[in-house]
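One structure is given here, and the rest of the page talks about it.
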Amino acid sequence: MLVAGRIVQHREFGKLVFMVLRDHTGDLQVSISKSELDAAQFRLARKLDYGDIIVVGGRMGMTKKGEICVWADRVEVHCKSLAPPPEKYHGLTDAEARYRRRYVDMYANPETMATLQARSRLVAQMRRFMDARGYLEVETPMMQPLAGGAAARPFVTHHNALDMPLFLRIAPELYLKRLLVGGMPRVYEINRNFRNEGIDRQHNPEFTMMEVYEAFGDCESMLELTESLMRDLATSLDASGRRTFGELEIDYAAPFDRVAYGALVERSTGSPMTDFGAMRAKARQIGVENVDAMDDWLVVNEVFEHFGEAAIDPARPTFVTDFPSAISPLTRPHRDDPTLSHRWELFVAGMELGNAYTELNDPDVQLSKFTEQLRGADDEARAFRALDVDFIQALRVGMPPAGGLGIGVDRVIMLMTGQTSIRDVILFPLMRPE
RNA sequence: GCCCUGUUAGCUCAGUUGGCAGAGCAGCUGACUCUUAAUCAGCGGGUCGUAGGUUCGAGUCCUACACAGGGCACCA
């Protein structure tokens, strides 16, 4: 048989050489005996170094100690490694070196390879899941004349031939909804978003998002879809549906929790969220600046993010439902209480994992919400935020009632693979140049 | 942007009160036909992150900067 791999161990015994070859599937020992090869081949075998990529022909057998081993009758060097390898026992552990030289990390640390390969398989599984439910995968613009669909700060670039500014997208939302207008009933997109913001264990400036839109769906159908998807991914890795994440043991097979936004605020602060006086007091208490100048509901949201999110059991996947309309500009308000909206966010392990709503499809309400939002924008935000007139026009053509969903794919991969840093599930996380 | 910690050989790390720059692995030379981080003998290998300062003398103390990790802020 023929085996190929990179040399990760090399032990010489004069007339006998043991080596361990590694590829993406694992390690295999090979042995080269002087009595089995001609003199030139054996001299070559003794000169091999850690990191070289070789092909060995021989018969599969066992050593006296019971180790599976290929006894070579042929050795070919297919690539010489000229760079010194990392230490063979401790490997490459320096976080900076691991991210900067991922190609070394990948072969030196099998766990890295396992995680990155698991990511690819999980994303493929997500696509299978969505395809099986009849959603069509699409690709909408990643360079947009207007950066809409979210409130993040965008990256700006410039198109020379058209002499116009372009924004790397912060969300695909407004384009996907145009597809609903055009008549695609179920679409999803898995691709990168770009947000010009800080970097930490849960944020990379470019990150992968899955957005889903379903005509005649609503936030309830998106909730069912999300819970089923998470359960499907978890059980594809372990039949129990349980995954460990840091200190947490998270069960995705059990039904996820549900709690209303307002109930969570009240439970965690002792005051109803509509008691804006109490909310402002709480906000001041946690050091929010300019509380007096802020809109009531933005104050409430500060309080929610500080107290409410902290009150969620991180070990239990939890849908927080009925977000305030005032902070949900693309969401259809409740019929009976328009201060609330048909929107939820999913929290797991303290991370915001997904966001879904029953889409607002009334062009007049949408227009007034956009203009209201622009009025609240500061100078910096106004520089890149603008009214997407064409999107309003699309809604005038008519968008069917719909459910929409966004899920942070990188964070899903973190939870599924047990990696607590987003950098460990991204092939090449952004680093400053050395 | 702020705070804390780190940065010493290719890799993993020591370095005492401020007094000649160290180890293991990797590399090179040699021995060895069943090893498992093989073993044994020998030999090379340094801009101690960068720039200043204090000092007779700085890897060690001080300042600034760079990069990284963690935390905070930002991220509807």
Side-chain angles (χ1 to χ4, degrees), chain A residues 7-20 27-37 42 45-47 49-51 61-69 71 81-101 104-105 108-109 149-154 170-171 193-205 207 261 286-289 294-295 297-302 304-306 323-331 341 343 345 351-352 355 357 369 372-373 376-377 380-381 385 408 420-421 423-424 429-434:
Chain A
I7 298 171
V8 293
Q9 294 194 52
H10 185 265
R11 295 183 279 272
E12 269 186 49
F13 290 83
K15 300 189 182 70
L16 183 68
V17 179
F18 288 101
M19 290 184 293
V20 174
D27 293 356
L28 176 67
Q29 181 170 278
V30 300
S31 182
I32 297 161
S33 167
K34 188 174 187 181
S35 58
E36 301 289 323
L37 278 79
F42 190 72
R46 290 191 53 161
K47 284 197 146 134
D49 290 319
Y50 286 77
M62 265 202 193
T63 66
K64 289 175 184 171
K65 297 275 174 65
E67 177 90 15
I68 291 170
C69 184
W71 301 98
S81 178
L82 301 177
E87 211 262 357
K88 68 180 168 186
Y89 184 59
H90 299 93
L92 188 70
T93 60
D94 180 68
E96 181 175 357
R98 287 184 48 231
Y99 301 137
R100 286 195 194 278
R101 301 198 297 147
V104 176
D105 182 32
N109 296 316
R153 189 180 303 128
I170 55 177
N193 288 346
F194 307 85
R195 297 188 180 177
N196 205 340
E197 284 153 6
I199 297 175
D200 61 32
R201 280 191 316 177
Q202 295 170 16
H203 296 83
N204 194 62
F207 63 100
Y261 183 102
I286 56 176
V288 177
E289 290 170 16
M294 283 173 73
D295 179 85
W297 287 105
L298 292 181
V299 173
V300 172
N301 201 45
E302 294 282 348
F304 166 77
E305 287 179 356
H306 189 269
F323 270 61
S325 277
I327 58 167
S328 310
L330 296 156
T331 308
S341 68
R343 173 185 175 191
E345 287 192 358
M351 290 193 290
E352 183 193 328
N355 179 19
Y357 31 90
K369 276 179 170 276
E372 187 182 338
Q373 192 185 17
E380 195 216 347
R385 226 165 270 170
T420 54
S421 171
R423 292 184 185 95
D424 289 319
L430 184 68
M431 304 282 280
R432 244 185 241 273
E434 276 182 285

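Chain letters run A, B, ... following the sequence lines, proteins first, then strands; residues in each count from 1.
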Would you check if the distance from the ring center of Phe304(A) to the ring center of Phe323(A) is below 6.0 Å? yes
Which part of the nucleic acid, if any, lies within reach of Gly91(A) when heavy atoms closer than 4.0 Å are counted: base, sugar-phosphate only, or nothing? sugar-phosphate
Roughly how many Å is it from CD in Glu305(A) to P in A76(B), rounded to a whole number? 8 Å
Would you state whether a donor and an acceptor, one from the side chain of Thr93(A) and one from the base of U12(B), lie under 3.5 Å apart? no
Pair partner, U63(B) [Watson-Crick or wobble, under 3.5 Å]: A51(B)
Step by step, work out the side chain to side chain donor-acceptor pair (under 3.5 Å) result for Arg343(A) and Ser328(A). CA-CA 8 Å; Arg343(A) 173 185 175 191; Ser328(A) 310; 2.8 Å; yes
Taking the C1' atom of each, how far is A23(B) from G18(B), in whole Å? 23 Å
Calculate the interatomic distance between Phe18(A) atom CZ and U36(B) atom C1'; express it in whole Å. 9 Å
Mind checking Glu12(A) for me? I need base, sugar-phosphate or nothing, with any heavy atom below 4.0 Å counting as a touch. base
For C48(B) versus A21(B), give the span between their C1' atoms, rounded off to a whole number of Å. 8 Å
Rounded to whole angstrom units, what separation is found between the CG atom of Asn109(A) and the C1' atom of U12(B)? 12 Å
Tell me what Glu87(A) touches on the nucleic acid: a base, only sugar-phosphate, or nothing, going by heavy atoms under 4.0 Å. base
Students often get this wrong, so: under 4.0 angstrom with heavy atoms, is Ser31(A) touching a base, only sugar-phosphate, or nothing? nothing
Are any of Arg201(A)'s side-chain N or O atoms less than 4.0 Å away from OP1 or OP2 of G71(B)? yes
Between NZ of Lys64(A) and P of U33(B) the distance, given in whole Å, is 12 Å
Quick check for you: among G69(B), A76(B), C34(B), whose closest atom lies nearest to any side-chain atom of Ala95(A)? G69(B)
Could you identify the nucleotide paired to U39(B), looking across every strand shown and requiring Watson-Crick or G-U wobble geometry with both distances under 3.5 Å? A31(B)
P atoms of G49(B) and A9(B), separation to the nearest Å: 8 Å
Any Arg423(A) side-chain nitrogen or oxygen under 4.0 Å from OP1 or OP2 of G70(B): yes
Hey, does Arg432(A) reach any base, or is it just sugar-phosphate, or nothing, if we go heavy atoms under 4.0 Å? sugar-phosphate
A23(B) pairs with, by Watson-Crick or G-U criteria that keep both distances under 3.5 Å: U12(B)
If I compare all heavy atoms of Trp297(A) with all of Pro324(A), which pair ends up nearest, and what's the gap? CE3-CB, 3.4 Å
Could a donor-acceptor pair under 3.5 angstrom be found where the side chain of His203(A) meets the base of C75(B)? yes
Using the P atoms only, state how far G57(B) lies from A38(B), rounded to an integer number of Å. 47 Å
For Arg153(A) and Glu197(A): C-alpha separation, side-chain torsions, deciding distance, then whether salt bridge (charged side-chain N to carboxylate O under 4.0 Å, His left out) applies. CA-CA 7 Å; Arg153(A) 189 180 303 128; Glu197(A) 284 153 6; 5.7 Å; no
For G69(B), give the paired nucleotide (Watson-Crick: N1-N3 plus N6-O4 or O6-N4; G-U: N1-O2 and O6-N3; both under 3.5 Å), or none. C4(B)
In this structure, how many angstroms lie between the C1' atom of G30(B) and the CZ atom of Arg46(A), rounded? 9 Å
If I pick the P atom on U8(B) and the same atom on C13(B), what distance separates them, to the nearest angstrom? 10 Å
Considering every strand and a 4.0 Å limit on heavy-atom distances, what is the contact class for Tyr99(A): base, sugar-phosphate, or nothing? sugar-phosphate
From CD1 of Ile68(A) over to P of C34(B), roughly how many Å is that when rounded to an integer? 20 Å
For Tyr50(A), which contact category applies under a 4.0 Å heavy-atom criterion: base, sugar-phosphate, or nothing? sugar-phosphate
If I pick the C1' atom on G15(B) and the same atom on U60(B), what distance separates them, to the nearest angstrom? 9 Å
Less than 4.0 angstrom between a side-chain N/O of Lys47(A) and OP1 or OP2 of U29(B), yes or no? no
Say we look at U39(B) and U33(B): how far apart would their C1' atoms be, to the nearest angstrom? 14 Å
How is Asp200(A) classified with respect to the nucleic acid when contacts are heavy atoms under 4.0 Å: base, sugar-phosphate, or nothing? base
Any side-chain N or O of Lys88(A) less than 4.0 Å from the OP1 or OP2 oxygen of A26(B)? yes
Whole-Å P distance, G30(B) and G22(B): 28 Å
